[in-house]
Each structure stands twice: as structure tokens, then as C-alpha cells.
Amino acid sequence: MGEDLSLPALGTLETICRELAVQAGELIVRERPEHLAVADTKSSATDVVTIMDRRSEQLLQEQLRARRPEDGILGEEGASVEGTSGITWIVDPIDGTVNYLYDIPAYAVSVAACVGDPRGEWESVAGAVFNPVSGELFHARRGGGAFLRSTGADPSVTALFVSGEQDLGQALTGTGFGYDAAKRAQQAQILTRVLPQVRDIRRAGSAALDLCAVAAGRLDVYYESGLNAWDRAAGQLIVTEAGGVVRGAGAQPSRDLTLAGPAVLVEALHDVLQSDPH
Ligand code: LIP
């Protein structure tokens with residue numbers, strides 16, 4: 001029999017998302033080496049990984065194996081476990097690694113519980129994104145709404161709703177760029193088309209935090225091409241549970257394109273992105 005995906009059962013998965021995101025987030029702040037260095041590079045010389053990306057993912061994997069031994073795991077730093085339960089955890093141990101390397105306080109741990117094929121068609125059913133410097137914990141479960149929990153000195157829980165902005169020309173727009181120079185050149189071309197048609201652009205350096213900013217109405221709309229599943233798995237559920245939509249060039253977000261925000265702005269920006277550049 002398949003996994004119980006009732007709202008209470010999703011609540012249990014959401015709690016695990018929250019607890020593990022906070023645990024790993026506290027680790028990467030508490031144990032950040034004084035002279036943090038690049039441990040390795042991945043897709044390009046600027047696509048870096050640090051020892052703390054690996055330690056954070058190791059903690060997440062160990063905790064998930066102990067608490068949910070039947071589930072699968074897919075992580076940015078290589079975690080890859082096949083499950084039998086129908087649930088796969090898609091995790092980004094540090095989203096915004098370059099910000100973490102430069103000690104810019106805009107990075108997060110992202111943990112999502114998903115159904116389907118994590119390398120094909122999948123859907124998030126619970127998720128959490130934790131910024132360990134601000135102490136802000138964004139979370140949601142499917143059908144349960146999206147929330148911001150401030151874990152600092154003055155804890156609070158706030159329900160999240162996307163922006164009510166209807167006019168793209170007034171929209172504060174988030175985006176990001178890849179690690180490949182040729183890809184960035186293409187993204188710069190697209191940016192020159194988008195910039196004159198929106199209020200302004202923000203580039204924070206973490207897709208997970210950008211999506212949570214959309215859910216909180218701190219950004220009106222967001223678009224990026226080249227995202228991996230782990231960059232967006234939790235954030236996209238938090239946007240849809242905050243009343244927004246998330247799509248790609250087609251109906252589903254994909255590596256080619258992720259667009260998020262209130263439906264009217266997403267459609268308007270989709271048209272700009274799809275329009276002929278010449
Ligand atoms: C980052 C994304 C960001 C994107 C960066 C990078 P990482 O993920 O969150 O939106 O613009 O190029 O992909 O590598 O820090 O996990």
C-alpha cells in the first residue's frame with residue numbers, strides 16, 4: 001500500500017523538514033571554519049563546494065536514514081538513495097554556497113519530501129527552507145498553507161501570501177545566473193529584455209530564499225533558468241501554498257526555466273521571456 005499522504009501524515013513530514021533544516025543550518029553557522037576555503041569545484045571553476053556543504057548533507061542523510069529508512073534521498077553533494085516508500089527527500093545542504101563562502105548572510109538549508117521520480121516527474125508534499133543567520137524558517141505542506149517561523153529571541157509564526165501586485169511594470173523581480181560563462185551571457189541578454197519592463201531586479205544568490213521571498217511578498221515575481229531539483233523543491237511548494245503559481249516554459253518548472261509569483265505576473269513575465277528578442 002502507498003504512503004499515507006493525508007494532511008496529518010504530511011504534517012509529520014513537514015516537521016521532519018523543519019527540524020532537519022534547522023539542525024543542519026545551526027551546524028553550518030556554529031562550525032564554519034574561520035578561514036573557510038573552497039574544497040572543490042563542480043560544473044565550472046566558479047561552481048564551488050566547501051567542507052560544510054558536505055558535512056551538512058552528511059548530517060541530513062544520517063538523520064533521514066535513521067528516521068525514515070524506507071525513503072529515498074537525492075542531495076546536491078551526491079547523496080543518492082533509492083527508497084521503497086514512495087517518498088524521496090530532495091535536499092540542498094547549503095543553497096547560496098557562494099554567499100556562504102563570502103560570509104554574505106543569504107544562504108539556506110532546503111529540505112523537501114517529494115513523491116514521484118526525483119530525476120523525472122516529481123511533486124513536493126512538504127518542505128522547509130531555513131536561513132540560519134536571520135533565523136527565518138519558511139515551511140509548508142501540501143494543502144496546509146505556508147508559514148514563516150522566526151526562531152530567534154522573539155519567536156513568531158506568520159501565514160504567508162504572495163504579492164497582490166498586478167502590473168509587471170511595478171514588479172520587483174528576482175533572478176539568478178548560472179556557473180557557466182556562455183550560459184551567463186545568454187542570461188544577460190534575457191535580462192536586458194526584462195529590466196526595462198519591471199520595477200527593478202534583485203539577485204540575492206539563493207533560489208530557495210528567492211522563492212520564499214516571493215511567498216512572503218518581499219519579491220513580486222521571480223524567474224531563473226538552470227535550477228536543479230534541490231534548489232527549488234521546498235521553495236516552490238512554499239510559493240504555491242502561499243497562493244502563487246510556479247511554472248516553466250511549459251506548465252511545470254524545469255531546468256530550462258522556473259517562474260514563480262502571483263498568476264497574473266507569472267503569465268506576463270512568461271510572455272516577455274517567450275517573446276522574440278529581435
Ligand atoms: C545557487 C542557486 C542560485 C543560482 C546559483 C546557484 P547553489 O545554488 O540557489 O539561484 O543563481 O547559480 O545555482 O549552487 O548555491 O546551491
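Order of appearance sets the numbers: ligands from 1, and atoms from 1 within every ligand.
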Ring-face cation contact, Tyr100 with Arg32, 6.0 Å cut, 45° max: yes

Side-chain touch Leu168/Val272, heavy atoms, less than 4.5 angstrom: yes

Identity and distance of the protein heavy atom lying nearest atom 4 (C) of ligand 1: Glu224 OE2, 3.1 Å

OH/Tyr179: more than 12 non-hydrogen atoms of other groups inside 6.0 Å: yes

Heteroatom distance test (Ser206, ligand 1): nitrogen or oxygen, under 3.5 angstrom: no

Tyr179 contact mode with ligand 1 (heavy-atom cut-off under 4.0 Å): side chain

Polar proximity ligand 1 side, Ala207 side, N/O cut 3.5 Å exclusive: yes

Heavy-atom nearest neighbour in the protein, as seen from atom 12 (O) of ligand 1, with distance rounded to 0.1 Å: Phe177 O, 2.7 Å

Closest contact, heavy atoms only, Cys212 versus Ile238: SG-CD1, 3.9 Å

Shortest non-hydrogen contact from Gly144 toward Leu7: N-CD1, 3.9 Å

Within-cut-off N or O pair, Gly96 and ligand 1, under 3.5 Å: yes

Within reach of ligand 1, part of Arg184 (heavy-atom separation under 4.0 Å): neither

Side-chain heavy atoms of Leu148 within contact of Glu136, under 4.5 Å: yes

Under 3.5 Å: N/O of Asp210 near N/O of ligand 1: no

Atom indices of ligand 1 within 4.0 angstrom of Gly176 heavy atoms, with elements: 11 (O)

Chi angles and distances behind the side chain to side chain contact (heavy atoms under 4.5 Å, CB included) call for Val29, Tyr107: CA-CA 11 Å; Val29 168; Tyr107 50 84; 3.8 Å; yes

Identity and distance of the protein heavy atom lying nearest atom 16 (O) of ligand 1: Glu76 OE1, 3.0 Å

Test of proximity, Asp47 against ligand 1: N or O pairs below 3.5 Å: no

Which residue and heavy atom of the protein sit nearest atom 8 (O) of ligand 1, plus the separation: Asp95 OD1, 3.1 Å

Within reach of ligand 1, part of Asn228 (heavy-atom separation under 4.0 Å): neither

Cluster check Leu160, Leu209: I/L/V/M/F/W/Y, side chain < 4.5 angstrom: yes

Shortest non-hydrogen contact between Glu57 and Glu76, atoms and distance: OE1-N, 3.2 Å

Min heavy-atom dist Ile94 to ligand 1 below 4.0 Å: yes

